[in-house]
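Below is one structure, written out as structure tokens, with a few remarks after it.
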Amino acid sequence: MDRANPLFPTDYNFREVYLLATAADEEANAVGGARKGMEGWVACFPKAQLKDVLFCGGVTGAGEIEGNEALVRARLMGNS
């Protein structure tokens with residue numbers, strides 16, 4: 001995110017921002033800090049908004065997310 005800060009004074013093209021987050025913890029609040037940080041960053045870009053947050057908990061090892069319905073939702077978000 002911080003690498004995009006130089007875009008602030010420009011006519012940046014992004015308007016909708018999505019947060020995709022995974023965690024070993026299954027509680028949705030496990031990524032509360034990440035969400036708060038993203039909200040603060042997006043607030044610096046008046047033409048942008050945090051459109052949606054996708055959380056997939058219970059993911060600890062490589063490949064464990066495979067087949068998870070969160071991937072279907074992520075694809076739908078990307079396609080829209």
Side-chain angles (χ1 to χ4, degrees):
M1 294 182 331
D2 65 328
R3 300 299 184 251
N5 286 347
L7 296 173
F8 180 73
T10 69
D11 186 24
Y12 51 89
N13 291 328
F14 62 92
R15 300 295 185 259
E16 297 178 350
V17 177
Y18 296 84
L19 172 61
L20 308 176
T22 63
D25 191 337
E26 294 185 11
E27 297 295 321
N29 64 359
V31 294
R35 181 184 184 124
K36 183 125 179 111
M38 179 64 79
E39 288 170 344
W41 181 82
V42 170
C44 294
F45 293 89
K47 293 183 265 180
Q49 67 173 329
L50 181 58
K51 189 74 171 175
D52 205 352
V53 176
L54 174 63
F55 170 68
C56 182
V59 180
T60 57
E64 285 185 358
I65 198 169
E66 192 158 337
N68 191 297
E69 86 173 50
L71 294 177
V72 174
R73 185 165 170 230
R75 185 175 304 277
L76 291 172
M77 287 168 61
N79 287 338
S80 69

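Basis for what follows: all heavy atoms, side chains included, without hydrogens, waters or symmetry-related copies.
K36 is linked by a salt bridge (Lys or Arg N to Asp or Glu O under 4.0 Å) to nothing, counting only residues two or more places apart in sequence or in another chain. Legend: residues meeting ring pair (Phe, Tyr, Trp, His ring centres under 6.0 Å) with Y12, ordered by chain and number and at least two apart, are F14, F45.
Transitive grouping of hydrophobic side chains (ILVMFWY, heavy atoms separated by less than 4.5 Å) keeps V42 and Y18 in distinct clusters. L50 is connected to F8 through a chain of hydrophobic side-chain contacts under 4.5 Å among Ile, Leu, Val, Met, Phe, Trp and Tyr, so both are in one cluster. Both L19 and W41 are part of a single hydrophobic cluster, where members link through side-chain heavy atoms under 4.5 Å apart.
Here the shortest heavy-atom pairing between V31 and A21 reads CG1-CB, 3.7 Å.
Side-chain contact between V53 and M38 is absent, with no heavy atoms from C-beta onward closer than 4.5 Å.
With values rounded to the nearest 0.5 angstrom, F55 atom CZ is found 8.0 Å from T22 atom OG1.
Residue pairs meeting the side chain to side chain donor-acceptor pair (under 3.5 Å) criterion with at least one member in residues 64-80, sequence neighbours excluded: D52-R73, T60-E64.
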Item to check | Stepwise side-chain contact (heavy atoms from CB on, under 4.5 Å) check, K47 with D11 | outcome: CA-CA 9 Å; K47 293 183 265 180; D11 186 24; 2.7 Å; yes
